[in-house]
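Atoms considered below: every heavy atom in the structure, side chains included; atoms not considered: hydrogens, waters and symmetry mates.
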Amino acid sequence: MWNCRGFGLFVCALSILPLVCFSANFVPLDNYLIDCGAPHNTTVGSRNFTADNFFKKFLSTRQEILASTSLKSISSAGDDSPLYQTARVFVGSSKYTFPINQKGRHWIRLYFFPFSNEKYNLGAANFAVTTQNNILLSNFSVQKKPVMKEYLVNVTSDTLVITFTPSANSIAFANAIEVVSVPDDLIADDAFNLNPLASYSGLLTQALETVFRVNMGGPTVSSNNDTLHRTWVPDQSFLIQPNLAANVSNIRAVKYVNGGPTQTIAPPNVYGTLTEMNSKDDPRSNFNVTWQFDVEPGFQYLVRLHFCDIVSKGLNELYFNVYIDSWFAAKDLDLSVLTNNVLATPYYKDLVTTPTIGNKIIVSIGPSALNNDYPNAILNGLEIMKMNNSMSSLSAAAAVPLSSTSSSNSKKVGMIVGVSVGTLSAAVLVGVFFVLCMKRRRRLARQGHSKTWVPLSINDSISHTMGSKYSSGTTASAASNYGYRIPFAAVQEATNNFDESWVIGIGGFGKVYKGELSDGTKVAVKRGNPRSQQGFAEFRTEIEMLSQFRHRHLVSLIGYCDEKNEMILIYEYMEKGTLKSHLYGSGFPSLSWKERLEICIGAARGLHYLHTGYAKAVIHRDVKSANILLDENLMAKVADFGLSKTGPEFDQTHVSTAVKGSFGYLDPEYFRRQQLTEKSDVYSFGVVLFEVLCARPVIDPSLPREMVNLAEWAMKWQKRGQLEQIIDPTLAGKLRPDSLRKFGETAEKCLADFGVDRPSMGDVLWNLEYALQLQEALVQGDPEENSTNMIGELSPQINNFNHETSVSAVQFEESSLDDLSGVSMSKVFSQLVKSEGR
């Protein structure tokens, strides 16, 4: 056995990393740069990667399996780094053992490119990568493009062991590996909990995976321009509405001061650029600049926000708010106070999220009410790092937890992946169960005084507005009357005790389960998650709204449960799921144009009823394809009323309220002015119309920039008179031009910049009925009939829609006959998903 410490120092010396690449205050004592499978050393920028033949003593495998490809194949895959040209292949569990000279935080960077040669297809590899204490990757495979995975782990022993374990009948591989020590102060132990905003400690024990590292307002910062060899990408592709953002660059202004962040936290190229509000010196500006990031559900994330005020001309000029999802990350932020009254001084803030339920993290900046000058808000940089879960894993695919003991060589990690939970000893299971119970108890204790989770029966007793309470029995049936409180035991019975295999959807509020009441009625059960960002207000609003509505095109509420600090809603069950799932992404058969028109007409009837059916309008505020549900006959029903608001009084034009809704569907006028009207729903519905026509997401960052926002893209083609160029290809040749023209004109009017220029939902309904009649005329009449002739053939009901007053009269005459029949609980529901944004 060699002297690990002496040998490690020797390897460090041979790595030949120029000191100029690091800040003057930090030189890494551990600096292993390995080019796997390479016959000789490889220079990348200013760093030298050593051929891993030199590291054979570090490697446990006895099989020498090396592979290589051409630089041309790498360049064609989008990367020209020579590190991806060679690889070492593992056919069995294999370990690299690195001597550690400085305990503490270390980068682990793993490089993968799935090329193929005559013997091995690396694209078919499936494997795990682990350390003594953490699962980094599990059931991992690489598709087509080069990938670099970056981790920060806390090494507490004299060696760091990285194990590559192929899955059954597969291989593992690596193109390059970095193990490099980092400054102790790069990640402090303390941060802030996001919800509630309070102190957090314990980061030092966490393994982290870099998910995003973004340079706001500036170009890519390559690893050669960062003291810790990090890469920062531009923020443009993450912006929800790029037109609301402006870029500023003043790198020379950045001042690193004693006691503040150094260049190891972020380089001047990050702190010297920023994204700010594109307010154009307008003192009335009131909107947020927002970025959206895709993340893996079920994990906590460390979000690091970087600030440097290079725009203010004096102290205490700039106050702004920062949000992560719908929570305050910073309120009335004044960087002058935080940087000891020195402008252009870097500052950063670390926040830890709750375990994510959805797959998005939304970051927004917006003006504070304390602004003395014109409103503005800034953000210079952003890092999002995944935190290991309770199983010490950074991979959701990992099956079992690792042992926390790293000193024993007998602790084998090669069997981690693929081992079933059933093979764990009873003692481990009991221990894990005990830990989870304790965590849950502490969490509930912290939430004990939260208004969000006070049962409705204690807090304001909504049951008074919904009739008498449910019977004291523990069974439930649809015949028991709608809107009653249902016992928790009955909900448990209906969902097989919340069987995870019965989950049919996950939204911002929580999970949705398929259920069956004691009389055989199928239901959808939406169970609130205590960690959800949506809580008491949405729960109460949903009950209050749906307990009043009975309409065939609005989803019906059967009951609710607020026992045991639960917030549970029980709905009719819609068999065909969401409109969104039938348009793209779910593999369902394509809808015909007639079916799409009938679905849009049904949803429009539901919204028209909301806007006109009561003394005051009800504004849905979250109209989107995911909230339009379909029964077994594809009849549409509008769902999810947690964000709904009653409309303005008779002497008012709008309701002033905080902006909520879903990105891509949000009315820009409401977003700017925070003034809500029924026309905000009309705008969102206009987006849905284009979504129905084009069968693609409303926001798709993977597309070219001009195509990312569906509403903007479709409007360009509509104004050119060439809307047929972008329709769903499955509809090609199946739409009558007159029908498409009327549909496009309707959507265009809905998306007018100002609410006063948009039609009412009654007008939208009439136009959609007209578009259907135009399409049907192709089948029922002479193909050469023109639209003038067809208008004469429309039903008396349609002809009566020439005036808005007639629209209401006819619609409510129909409603009085049909709406109550639509509350049959034999209809089916497959998914309720809520997305909320600012």
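Atom CZ of Phe588 and atom CG of Leu583 lie 11.0 Å apart (nearest 0.5 Å). How far CD of Glu296 is from CG of Leu394: 9.5 Å, rounded to the nearest 0.5 Å. Distance check: Phe55 CZ to Cys36 SG gives 9.5 Å after rounding to the nearest 0.5 Å.
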Inset, instruction - May I have the step-by-step check of side-chain contact (heavy atoms from CB on, under 4.5 Å) for Arg105 and Leu208, ending in yes or no? - result: CA-CA 10 Å; Arg105 287 279 183 191; Leu208 305 171; 4.3 Å; yes
Inset, instruction - Take Asp325 and Lys360 through the salt bridge (charged side-chain N to carboxylate O under 4.0 Å, His left out) test and state the conclusion after the steps. - result: CA-CA 9 Å; Asp325 294 324; Lys360 308 287 184 186; over 6 Å; no
Inset, instruction - Evaluate the criterion side-chain hydrogen bond (donor to acceptor under 3.5 Å, both in side chains) for residue pair Tyr111 and Glu178; output intermediate values, then yes/no. - result: CA-CA 9 Å; Tyr111 295 77; Glu178 293 184 45; 2.4 Å; yes
Inset, instruction - Evaluate side-chain hydrogen bond (donor to acceptor under 3.5 Å, both in side chains) for Asn31 paired with Ser181, printing each intermediate quantity in order. - result: CA-CA 7 Å; Asn31 185 37; Ser181 51; over 6 Å; no
Inset, instruction - Could you walk me through whether Ser157 and Ile100 pass the side-chain contact (heavy atoms from CB on, under 4.5 Å) test, one step at a time? - result: CA-CA 7 Å; Ser157 60; Ile100 296 300; over 6 Å; no
Inset, instruction - Would you check, one step at a time, whether the test side-chain contact (heavy atoms from CB on, under 4.5 Å) holds for Val89 with Leu66? - result: CA-CA 6 Å; Val89 180; Leu66 310 179; over 6 Å; no
Inset, instruction - Let me see the working for Asp700 and Ser702 under side-chain hydrogen bond (donor to acceptor under 3.5 Å, both in side chains), right down to the final yes or no. - result: CA-CA 5 Å; Asp700 190 347; Ser702 66; 2.5 Å; yes
Inset, instruction - Kindly determine whether Asp226 and Asn269 satisfy side-chain contact (heavy atoms from CB on, under 4.5 Å), including the steps that lead there. - result: CA-CA 9 Å; Asp226 183 287; Asn269 288 357; over 6 Å; no
Legend entry - Asp30 vs Asn101, side-chain hydrogen bond (donor to acceptor under 3.5 Å, both in side chains): CA-CA, chis, key distance, verdict: CA-CA 6 Å; Asp30 297 311; Asn101 300 288; 2.8 Å; yes
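Taking 4.5 Å as the limit, some side-chain heavy atom of Leu160 sits within range of a side-chain heavy atom of Ile108. Thr159 is not listed as a side-chain neighbour of Phe98, based on a closest heavy-atom distance of 4.5 Å or more. Residues Leu152 and His106 are not in side-chain contact: their nearest non-hydrogen atoms beyond the backbone lie 4.5 Å or more apart. No side-chain heavy atom of Tyr200 sits less than 4.5 Å from a side-chain heavy atom of Asp190. With contacts defined as side-chain heavy-atom distances shorter than 4.5 Å, the pair Met148/Arg109 qualifies. Taking the side chain as every heavy atom from C-beta outward, Val233 and Phe238 approach each other to under 4.5 Å. Val147 is not listed as a side-chain neighbour of Leu110, based on a closest heavy-atom distance of 4.5 Å or more. Put simply, the side chain of Val155 does not reach to within 4.5 Å of the side chain of Gln132, judged on heavy atoms.
Here the rule is side-chain contact (heavy atoms from CB on, under 4.5 Å) with Ile310, and of Thr273, Ile251, Leu274 only Leu274 fits it. Each of Phe307, Tyr256, Tyr347 was checked for a side-chain contact (heavy atoms from CB on, under 4.5 Å) with Tyr271, and the lone residue meeting it is Tyr256. Looking at Asp35, Thr50, Asn48 one by one, the single match for side chain to side chain donor-acceptor pair (under 3.5 Å) with Thr42 turns out to be Asp35. Screening Val303, Asp235, Thr275, Val270 against Leu382 for a side-chain contact (heavy atoms from CB on, under 4.5 Å) leaves a single residue, Val303.
Between Phe58 and Tyr96, the ring center distance fails the sub-6.0 Å criterion. Taking the six-membered ring for Trp and the full ring otherwise, Phe112 and Phe140 have centroids separated by under 6.0 Å. Between Phe127 and Phe90, the gap from one ring centroid to the other reaches at least 6.0 Å.
No side-chain N or O of Tyr348 forms a donor-acceptor pair with one of Glu383 less than 3.5 Å apart. Between the side chains of Thr730 and Ser590, a donor-acceptor pair is found at a separation under 3.5 Å.
Thr220 places no side-chain N or O within donor-acceptor distance of the main-chain N or O of Ser222, the cut-off being under 3.5 Å. A donor-acceptor contact shorter than 3.5 Å is absent between the side chain of Ser223 and the backbone of His229. For Asn709 (side chain) and Ile699 (main-chain N/O), no donor-acceptor pair under 3.5 Å exists by modelled atom type. With hydrogens and angles ignored, the 3.5 Å screen pairs a side-chain donor or acceptor of Asn41 with a backbone N or O of Ala51. A side-chain donor-acceptor contact under 3.5 Å links Ser393 to the backbone of Ser395. Between the side chain of Ser170 and the backbone N or O of Ala168 there is no donor-acceptor pair closer than 3.5 Å. No donor-acceptor pair under 3.5 Å is formed between the side chain of Ser93 and the backbone N or O of Thr165. Distance alone, capped at 3.5 Å, places no donor-acceptor pair between the Asn134 side chain and the Leu136 backbone. Within the 3.5 Å criterion, the main-chain N or O of Asn126 finds a donor-acceptor partner in the side chain of Ser167. Distance alone, capped at 3.5 Å, places no donor-acceptor pair between the Thr163 side chain and the Ser94 backbone.
At a threshold of 4.0 Å, the pair Arg230-Glu150 does not count as salt-bridged, since none of the basic side-chain nitrogens sits closer than that to a carboxylate oxygen. With respect to the salt-bridge test (charged N to carboxylate O, under 4.0 angstrom), the residues Lys56 and Glu64 qualify. A salt bridge does not link Arg705 to Glu712: none of the charged side-chain nitrogens sits closer than 4.0 Å to a carboxylate oxygen. Note on Asp52 versus Arg88: salt bridge recorded, some NZ/NE/NH1/NH2 to OD/OE distance being below 4.0 Å. Remark: Arg696 does not engage Asp728 in a salt bridge, criterion side-chain N to carboxylate O under 4.0 Å.
The nearest pair of heavy atoms linking Thr264 to Leu228 is O-CD1, 3.4 Å. The nearest pair of heavy atoms linking Tyr584 to Val698 is OH-N, 4.3 Å. Ile265 and His306 make their closest contact through CG2-CE1, 3.7 Å (heavy atoms, listed as atom of the first residue, atom of the second, distance). Across Thr86 and Ala38, no two heavy atoms sit closer than the pair OG1-N, 3.5 Å. Nearest heavy atom pair, residue Met387 against residue Phe299, reads O-CD2, 3.4 Å. Smallest separation of non-hydrogen atoms from Pro219 and Pro234: C-CG, 3.9 Å.
Taking the six-membered ring where tryptophan is involved, the planes of Phe113 and Tyr84 are perpendicular, since the angle between them exceeds 60° and thus also 30°.
No cation-pi contact links Lys386 to Tyr301, judged by a cut-off of 6.0 Å to the six-membered ring centre and 45° from its axis.
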